[in-house]
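Counting convention: from 1, in listed order, for ligands and their atoms alike. What you see is a predicted model; the values in this text were computed from it and never measured. Because only heavy atoms are used, hydrogens play no part in the values below, and waters and symmetry mates are left out as well, while side chains stay in.
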Amino acid sequence: MSKYWNNRTKKTIPYIPGEQPKDRKIIKLNTNENPYPPSPKVIKAIQKAANDRLRLYPDPECIEFRKAVAARYGVKIEQVFAGNGSDEILGFAFGGFFESGTQARPILFPDITYSFYPVYANLWDIPYRTIPLREDFSIDCEDYKAPCGGVVFPNPNAPTGMSVPLAGILELAKYLEEQEKILIVDEAYIAFGSANQSAVSHIEKFPNLLTVHTLSKSESLAGLRTGFAIGNEVLIEGLCRIRDSFNSYTLDRLAIAGASAALADTRYYNEINNRVINTKERVAQVLRGLDFQVLPSSANFLFIKPPTGNGKEFFAALREKGILVRYFSKDRTADFLRVSIGTDEDMDKFLKSCKEILGTQ
Ligand code: PMP
């Protein structure tokens with residue numbers, strides 16, 4: 001606390017990102033990064049962009065990148081917003097679309113979900129109400145059909161990894177449209193489940209539907225900080241108004257070049273992401289055999305409850321063995337661990353450590 005902080009800074013409780021350990025020997029399964037490198041075409045594009053033109057500001061409209069997104073998803077460039085990671089886009093969307101102040105209706109999001117949502121809501125002074133996940137940890141869109149200031153959730157949800165059926169999302173979008181409220185679907189992990197259904201192709205029908213995407217996971221570019229949103233032209237214009245009230249150049253020249261190349265190389269990314277999915281299924285099966293509870297995951301991580309029933313202790317025991325996973329101490333998640341899917345080799349070491357901790361090896 002400092003006397004120089006204003007009241008907003010004093011009452012802010014910031015998001016705490018997963019640890020980025022300096023020790024490279026640690027097997028890092030804690031922040032859902034892709035274990036495989038980005039496409040070689042991405043590296044080439046970035047190297048090519050590292051030239052004397054860096055003295056010039058980048059394109060504030062990110063036309064090259066938005067064109068690549070529009071081509072990939074079959075939407076208009078005016079329906080695409082580019083941002084410095086999807087966190088930034090979510091921050092802008094909260095500020096641009098949800099009402100603040102005590103008179104405003106609360107926005108709704110799940111009680112167990114991405115822990116940045118309450119942080120943005122608090123920062124912008126937006127009232128919110130959390131909706132409990134169902135007993136099986138699923139999101140039921142019916143639970144969100146209530147008078148509110150708008151709705152946001154990820155599909156698949158994090159940290160559970162469970163997907164939300166598209167039919168329910170579209171019905172909710174319709175309900176909210178009648179109330180003139182926004183539905184934000186955060187599709188950070190949509191590429192990691194063959195049955196996952198993106199809401200992108202429905203943005204024409206629902207002017208209140210915004211899908212948010214990141215290149216950090218499926219494009220292996222967490223270090224480049226790029227994301228995008230797809231929605232009605234008017235929503236995109238709203239996001240631009242907020243962005244241009246902070247910083248007009250949120251994507252630098254290298255990011256624009258690399259991200260554009262990534263979106264064009266679907267063949268490479270399909271291959272590595274399929275590898276992640278296959279590894280996930282294999283690991284889930286072994287864990288179930290070891291009596292872990294494993295939630296059905298449509299993402300690049302598993303949410304698991306060790307048979308010992310104590311998530312915190314198991315987290316510490318894995319850490320001792322040089323394996324870093326993510327632990328969330330809150331209520332219903334306290335018995336669980338979230339484990340990002342690494343390479344087959346990493347996951348074999350993880351499984352071996354689990355067996356050692358359980359004393360079955
Ligand atoms: N949404 C969800 C559900 C996430 O888990 C993450 C990653 N922490 C993000 C958004 C943000 O990703 P990024 O800012 O790297 O694009």
Side-chain angles (χ1 to χ4, degrees), residues 14-20 28-35 38 42 62 65 69 80-94 109-121 123 130 133 137 139 151-164 169 183-193 196 198-200 210-230 239 243 246-247 250-252 255-256 258-259 262-263 269 276 295 297-303 324-328 330 333 336-341:
Y15 173 74
I16 303 165
E19 189 185 337
Q20 295 291 339
K28 198 176 167 305
L29 306 176
N30 69 330
T31 50
N32 300 340
E33 288 137 332
N34 200 306
V42 170
C62 304
F65 176 48
V69 175
V80 179
F81 180 80
N84 191 276
S86 55
D87 281 340
E88 182 186 73
I89 300 172
L90 289 164
F92 289 166
F94 273 61
F109 50 80
D111 61 342
I112 298 170
T113 194
Y114 187 30
S115 47
F116 226 137
Y117 300 156
V119 176
Y120 293 129
L123 178 68
T130 58
L133 294 184
F137 288 90
I139 289 177
V151 175
V152 55
F153 55 71
N155 180 27
N157 193 15
T160 63
M162 288 173 69
S163 63
V164 188
I169 292 177
L183 172 59
I184 301 176
V185 184
D186 176 354
E187 298 193 347
Y189 301 103
I190 199 90
F192 297 104
N196 289 345
S198 169
V200 167
L210 187 78
T211 63
V212 177
H213 309 256
T214 177
L215 277 74
S216 299
K217 323 290 179 179
S218 44
E219 276 71 26
S220 257
L221 287 173
L224 200 65
R225 307 305 300 129
T226 44
F228 56 95
I230 300 182
L239 289 171
R243 177 197 60 202
F246 274 100
N247 171 13
T250 54
L251 260 69
D252 62 56
I256 291 172
L263 281 184
Y269 285 108
V276 171
L295 296 193
S297 167
S298 303
N300 66 340
F301 52 84
L302 291 169
F303 202 51
L324 186 57
V325 299
R326 193 89 182 257
Y327 173 68
F328 301 92
K330 225 179 84 184
T333 57
F336 283 78
L337 298 174
R338 192 194 69 189
V339 182
S340 309
I341 301 301

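Ile341 has its side chain out of reach of Phe192: every pair of non-hydrogen atoms, C-beta onward, lies at least 4.5 Å apart. Counting heavy atoms from C-beta outward, Ile139 and Leu133 have side chains that approach closer than 4.5 Å.
Looking only at protein heavy atoms, the nearest one to atom 8 (N) of ligand 1 is Tyr114 OH, 3.2 Å. In terms of protein heavy-atom proximity, atom 3 (C) of ligand 1 is nearest to Asp186 OD2, 3.4 Å. Ranking protein heavy atoms by distance to atom 12 (O) of ligand 1, first place goes to Ser86 OG, 3.2 Å. The nearest heavy-atom contact from the protein to atom 11 (C) of ligand 1 is Asp87 OD1, 3.0 Å.
Below 4.0 Å from some heavy atom of Gly85 lie the following atoms of ligand 1, by number and element: 14 (O), 16 (O). Close contacts between ligand 1 and Ser216 involve ligand atoms 13 (P), 15 (O), 16 (O) [criterion: under 4.0 Å to a heavy atom]. Here is the list of ligand 1 atoms found below 4.0 Å of a heavy atom in Arg225: 13 (P), 14 (O), 15 (O).
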Quiz item: Should Leu90 and Tyr114 be marked as a side chain to side chain contact (heavy atoms under 4.5 Å, CB included) after you check the CA-CA gap, both sets of side-chain angles, and the distance that decides it?
Solution: CA-CA 11 Å; Leu90 289 164; Tyr114 187 30; 4.1 Å; yes
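Ring geometry for Phe246 against Phe92 counts as parallel: the plane angle stays under 30°, on a 0 to 90° scale with 60° as the upper cut. Taking the six-membered ring where tryptophan is involved, the planes of Phe116 and Tyr15 are essentially parallel, since the angle between them stays under 30° and well short of 60°.
When only interatomic distances are considered, the shortest N/O to N/O separation between Thr226 and ligand 1 does not fall below 3.5 Å. Polar contact with ligand 1: present for Tyr189 (N/O pair, distance under 3.5 Å). For the pair Tyr117 and ligand 1, the shortest N or O to N or O distance does not fall below 3.5 Å.
In this structure, the side chain of Asn84 engages the main chain of Thr250 through a donor-acceptor pair within 3.5 Å.
Atom-to-atom distance recorded for Leu302:CG and Thr160:OG1 is 11.5 Å, nearest 0.5 angstrom.
Arg338 forms a cation-pi arrangement with Phe301, by the criterion of a distance under 6.0 Å to the ring centre and an angle within 45° of the ring axis.
The shortest separation from a heavy atom of Lys217 to ligand 1 is under 4.0 Å, placing the residue in contact.
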